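Note that the structure is a prediction, hence the values are computed from the model and not measured.
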Amino acid sequence: RKQKGDAVFCLSTVFSFCHRVPCSDPVFLSVIVFYVQILRRLKLVALDLHDLDQRVSGLRQHTDEVRHVMPDVLFTAMKVLYDLFTIARSGPGISSFASADHTQLNALRLQARALITFAGMLPYCMPGDINARLVQMEVLMEA
């Protein structure tokens with residue numbers, strides 16, 4: 001349990017990294033791909049619509065320490081999805097994601113939709129600015 005709290009704290013620190021390093025930087029790309037892998041392993045947030053109920057009920061079992069950083073974790077997860085989407089849509093030359101087809105873009109959109117739905121199902125209030133920013137990034141991915 002302590003390890004999961006430490007991992008969540010580490011994930012929340014990616015927030016500052018994502019805002020300081022340009023998207024085109026290869027280090028940035030490897031960090032955000034790693035971030036998504038960690039999120040999937042920890043099973044903290046829903047990145048699939050089928051996992052919503054399980055993730056919401058699982059969050060109740062976590063410590064206050066974990067729940068306290070969830071807004072940062074959710075925001076960073078959405079920013080990562082949005083950055084991956086932007087890179088994939090931008091064309092060749094940036095990464096292997098650049099050759100993304102509509103299936104990959106739609107998969108990222110579905111993950112963003114699951115994340116927004118998950119955030120709305122949380123049994124506590126999130127800061128309004130976080131909710132607004134989550135929705136804004138998800139809408140930008142649909143445009």
> Quick one: CZ on R113 to CG on D48, what's the gap to the nearest 0.5 Å?
Replying inline: 14.0 Å

> Under the salt bridge (Lys or Arg N to Asp or Glu O under 4.0 Å) test, which residues partner D129, sequence neighbours left out?
Replying inline: none

> Does any N or O in the side chain of T76 come within less than 3.5 Å of the main-chain N or O of V73, such that one atom is a donor and the other an acceptor?
Replying inline: no

> Are L49 and L39 joined in one hydrophobic group, where the rule is that I, L, V, M, F, W and Y side chains link up if heavy atoms are under 4.5 Å apart?
Replying inline: yes

> Between L59 and R67, what is the shortest heavy-atom contact and its length?
Replying inline: O-NH1, 3.5 Å

>> For a quick test of reading the model, state the closest non-hydrogen atom pair linking L44 to F118 and the distance between them.
In response: O-CZ, 3.3 Å

>> I need the minimum non-hydrogen distance between A46 and L52, along with the two atoms involved.
In response: CB-CD2, 3.6 Å

>> Minimum heavy-atom separation for L134 and L74, please, with both atom names.
In response: CD2-O, 3.5 Å

> So which heavy atom on M137 is nearest to which on Y82, and how close?
Replying inline: O-CD1, 3.8 Å

> Hey, what do you get for NZ (K79) to CG (D72), rounding to the nearest 0.5 Å?
Replying inline: 13.5 Å

> Which pair of non-hydrogen atoms, one from V36 and one from L47, has the smallest distance, and what is that distance?
Replying inline: CG1-CD1, 4.4 Å

>> With a 3.5 Å distance limit and no angle check, can you tell me whether R109 reaches the backbone of M141 through a side-chain donor-acceptor pair?
In response: yes

>> Grouping I, L, V, M, F, W and Y whenever their side-chain heavy atoms are under 4.5 Å apart, do V45 and L110 come out in a common cluster?
In response: no

>> How long is the straight-line distance from CZ of R60 back to CG of L122, given to the nearest 0.5 Å?
In response: 9.5 Å

